[in-house]
Amino acid sequence: MSDSATAPKRRLPQINPVWVLLTVLVVAIIFMNPRFIEPTGYMNFLKRAAPLAILAAGQVYVITSGGFDLSVGSLITLVVVGSSMLTNNDPTATYWVIPLMLAMGLSVGAVNGLVVCFLRVPSLIATLGMMITLNGLAFLWSGGAPRGYLPDTFRFFGRELIRDVPLVRFIPVSVIVLVVVVGLLAWLMHRTNLGRQVHAIGDNPVAARLAGVAVNRVRITAFMLSGLSAAIAGILLGGFAGVSTDVGSGYELQAITAAVLGGAQLLGGRGSVPAALGGALALTAIFTLLNFLGLPQPVRQVVQGLILIAAVAFAMHRRRQTGT
């Protein structure tokens, strides 16, 4: 028998379906608007997608560890409202307000993790309670109507452009922030022991604890990274969306949808930061197509709900097929 007959067959590398979906959506956008292939078109697309992509990259840590974080949308709102109140139209205040907002994101994530780990409250309920609390704090802080505005030094990260860049002409600062943050989160998830531990406790927390994994510490870290990503997303949204008491509304579900589109399992044990990025870009592309078609906001919400259901159903089907 020949060597070629006895040699094991090489398996072709699997392509995550989210990248196929994204490619189809981009082709559809180009068909409807050929100017999308120009730098102004795709750079503005990436600029719009940056907050959601960063949020999904943080959310995938919590989902992979077997939990949910529903508080991120309210945290975004609190970051935007709080920043407008603290800067008080003073450009120099930006340099201490932004670190304070990042610290607040980490703190909210830490509290979520502590409640889940030590009070044994399910993450769905713990973060739902935090969502309501943060919404109330944002309303109390602003009196329901945010005063002042975010100075240009704060809005720099969300709306400023770096011009005269070869080939693409300009790059939004928010896209640079996106690349840096998602790159770091991807490295942590897929190249360090933290990522392996996050997957382990999501797959089987009892086995992970018996193997010596500090389960509570890893879960709290996952929530802290989610809170930090929400604070960064809030800073970007404040830059180009302005101050509003509902600026973060719905982002928690969009982040979960993006992560699930990327193949993250809602029961934990599997998740990918690059795939969550693909899910966020695909979701933004879907919303872009809906805008081109002139469909109203309620239709967008219906589509997002159907996408989430379909993505979870597909993920569960694939899990049954592979037996994992």
Side-chain angles (χ1 to χ4, degrees), residues 13-22 49 52-72 109 112-113 116-117 122-124 127 178 181-205 207-208 211 213 215-230 232-233 251-283 307-324:
Q14 292 186 339
I15 299 176
N16 193 309
V18 73
W19 300 113
V20 178
L21 174 62
L22 178 60
L52 176 58
I54 291 171
L55 197 62
Q59 181 77 237
V60 80
Y61 275 82
V62 177
I63 292 176
T64 304
S65 69
F68 293 93
D69 190 352
L70 298 180
S71 67
V72 291
N112 283 333
V116 170
C117 291
S123 61
L124 191 68
T127 58
L178 165 65
V181 173
V182 172
L184 287 173
L185 290 176
W187 176 75
L188 280 174
M189 176 68 87
H190 305 291
R191 292 290 184 270
T192 70
N193 196 42
L194 172 64
R196 289 187 287 271
Q197 291 177 339
V198 168
H199 281 83
I201 66 173
D203 186 52
N204 190 327
V213 176
V215 173
N216 288 343
R217 186 180 65 191
V218 173
R219 277 186 171 150
I220 292 171
T221 301
F223 277 104
M224 290 178 70
L225 289 174
S226 180
L228 179 63
S229 70
I232 296 171
Y251 266 93
E252 61 284 332
L253 296 181
Q254 290 183 32
I256 293 172
T257 303
V260 173
L261 271 177
Q265 290 182 171
L266 291 182
L267 299 178
R270 185 168 67 189
S272 165
V273 172
L277 168 64
L281 295 176
L283 198 58
I307 290 171
L308 180 57
I309 293 172
V312 172
F314 177 75
M316 296 303 293
H317 171 74
R318 192 165 59 175
R319 186 176 185 179
R320 286 194 298 268
Q321 290 292 104
T322 57
T324 59

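Residue numbers start at 1 and run along the sequence shown.
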Report task. With side-chain contact (heavy atoms from CB on, under 4.5 Å) as the test, would you mind laying out the steps for V273 and L277 before giving the verdict? Result -> CA-CA 6 Å; V273 172; L277 168 64; 5.8 Å; no
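- With rounding to the nearest 0.5 angstrom, the OH atom of Y251 is 15.0 Å from the CD1 atom of I256.
- The two residues S226 and D69 make their nearest non-hydrogen contact at OG-OD2, 2.8 Å.
- In terms of modelled atom types and a separation under 3.5 Å, the side chain of N204 and the main chain of A207 share a donor-acceptor contact.
- Between S65 and the options T221, V218, V198, a side-chain contact (heavy atoms from CB on, under 4.5 Å) holds for only V198.
- Here the closest heavy-atom approach between residue F223 and residue F68 is recorded as CE2-O, 3.4 Å.
- Interatomic distance, CG of N216 versus CD1 of I220, reported as 6.0 Å (0.5 Å rounding).
- In this structure, the separation between CD on E252 and OG1 on T127 is 9.5 Å, given to the nearest 0.5 Å.
- At distances below 3.5 Å, not a single donor-acceptor pair connects side-chain atoms of Q197 with backbone N or O atoms of V215.
- D203 CG to T64 OG1: the interatomic distance, rounded to the nearest 0.5 Å, is 11.0 Å.
- Between L194 and L225 the shortest side-chain heavy-atom distance falls below 4.5 Å.
- A donor-acceptor pair under 3.5 Å is formed between the side chain of Y61 and the backbone N or O of M189.
- The two residues V182 and A53 make their nearest non-hydrogen contact at CG2-O, 4.3 Å.
- In terms of heavy-atom proximity, A255 sits nearest to A56 at O-CB, 4.0 Å.
- The distance from the OG atom of S123 to the CZ atom of R219 is 8.5 Å, given to the nearest 0.5 Å.
- In plain terms, the two heavy atoms of L21 and A282 that are nearest each other are CD2-CB, 4.2 Å.
- Pairing each heavy atom of G262 with each of N16, the nearest pair is O-ND2, 2.9 Å.
- Counting heavy atoms from C-beta on, the side chains of P122 and V116 never come closer than 4.5 Å.
- Among the candidates I309, L266, V60, V18, the single residue satisfying the side-chain contact (heavy atoms from CB on, under 4.5 Å) test with V260 is L266.
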Requested in this report: Check the pair S71, N112 against side-chain hydrogen bond (donor to acceptor under 3.5 Å, both in side chains), reporting the backbone distance first and the verdict last.
Outcome: CA-CA 9 Å; S71 67; N112 283 333; 3.1 Å; yes
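- How far NE2 of H190 is from CG of L185: 9.5 Å, rounded to the nearest 0.5 Å.
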